[in-house]
A.B. asks: 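Take a look at this one; I'll ask things after.
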Amino acid sequence: MFISNAFAQAAPAAGGAESSLLSMLPLVLMFVVLYFVMIRPQMKRQKEHKAMIEAIVKGDEVVTSGGLLGKVSKVGESFLSLEVSSGVELQVQRSAVVQVLPKGTIK
């Protein structure tokens, strides 16, 4: 009455392997674009961050992810001691360091 009957359409002629490859092409192209636009730059940033963290030595001035600025006073395997003020030292994880500042930035 209110709903019309649905009839199946005739199946198109089989195009073989060529049509299945053409139907997969947009998916493959989307993955390639996604790789070059998102995945590859992120991997590059991670590699640069890891190299920066491994290169930290005593006396470097750094910024942490929480916004703390300090001078590295002790370097451990996974932790750093930051001198944020004279006589005040904080321990932070190496991975919390976001940026190494040029010498003489903190006075």
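Reckoned from all heavy atoms, side chains included, excluding hydrogens, waters and symmetry mates. The residues of the chain are indexed from 1 along the displayed sequence.
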A.B. asks: Test question: given the 4.5 Å side-chain rule for I, L, V, M, F, W and Y, name all other residues clustered with L29, or answer none.
C.D. replies: L25
A.B. asks: Can you list every side chain to side chain donor-acceptor pair (under 3.5 Å) pair that touches residues 36-45, not counting sequence neighbours?
C.D. replies: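 Matches after skipping sequence neighbours: Q42-R45.
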A.B. asks: Is it true that V72 and V57 fall in one hydrophobic cluster, defined by side-chain heavy atoms closer than 4.5 Å?
C.D. replies: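 Not linked; separate clusters.
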A.B. asks: Linking I/L/V/M/F/W/Y whenever any side-chain heavy atoms sit under 4.5 Å apart, do V75 and L82 land together?
C.D. replies: yes
A.B. asks: With sequence neighbours excluded, what pairs up with K47 under the salt bridge (Lys or Arg N to Asp or Glu O under 4.0 Å) test?
C.D. replies: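 K47 satisfies salt bridge (Lys or Arg N to Asp or Glu O under 4.0 Å) with no residue once adjacent residues are dropped.
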A.B. asks: Using the test side chain to side chain contact (heavy atoms under 4.5 Å, CB included), find all partners of V88 that sit at least two apart in sequence or belong to another chain.
C.D. replies: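 Once residues adjacent in sequence are excluded, the partners of V88 under the side chain to side chain contact (heavy atoms under 4.5 Å, CB included) criterion are V84, S85.
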A.B. asks: With M52, which residues qualify under side chain to side chain contact (heavy atoms under 4.5 Å, CB included), at least two apart?
C.D. replies: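 Only H49, V97, V100 meet the side chain to side chain contact (heavy atoms under 4.5 Å, CB included) criterion with M52.
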A.B. asks: Name all residues meeting the side-chain hydrogen bond (donor to acceptor under 3.5 Å, both in side chains) criterion together with Q93; count only those two or more places apart in sequence or in a different chain, and write none if there are none.
C.D. replies: none
A.B. asks: Is it the case that one hydrophobic cluster holds both I56 and V98, taking links as side-chain heavy atoms less than 4.5 Å apart, direct or via other members?
C.D. replies: no
A.B. asks: Check whether Y35 and V32 end up in the same hydrophobic cluster, where Ile, Leu, Val, Met, Phe, Trp and Tyr are linked by side-chain heavy atoms less than 4.5 Å apart.
C.D. replies: yes
A.B. asks: Linking Ile, Leu, Val, Met, Phe, Trp and Tyr by side-chain heavy atoms under 4.5 Å, what else ends up with I106?
C.D. replies: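 Listed partners: V63, L69, L101.
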A.B. asks: Is it true that a side-chain atom of S73 and a backbone atom of S81 form a donor plus acceptor pair closer than 3.5 Å?
C.D. replies: yes
A.B. asks: Scan for salt bridge (Lys or Arg N to Asp or Glu O under 4.0 Å) pairs involving residues 73-102, sequence neighbours excluded, and state none if there are none.
C.D. replies: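 Qualifying pairs, neighbours excluded: none.
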A.B. asks: Transitively linked via ILVMFWY side-chain contacts under 4.5 Å: V33 with M38?
C.D. replies: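 Linked within one cluster.
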A.B. asks: Write out all pairs satisfying side chain to side chain donor-acceptor pair (under 3.5 Å) with one or both partners inside residues 58-71, taking only residues at least two apart or from two chains.
C.D. replies: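 Residue pairs with at least one partner in residues 58-71: D60-K103.
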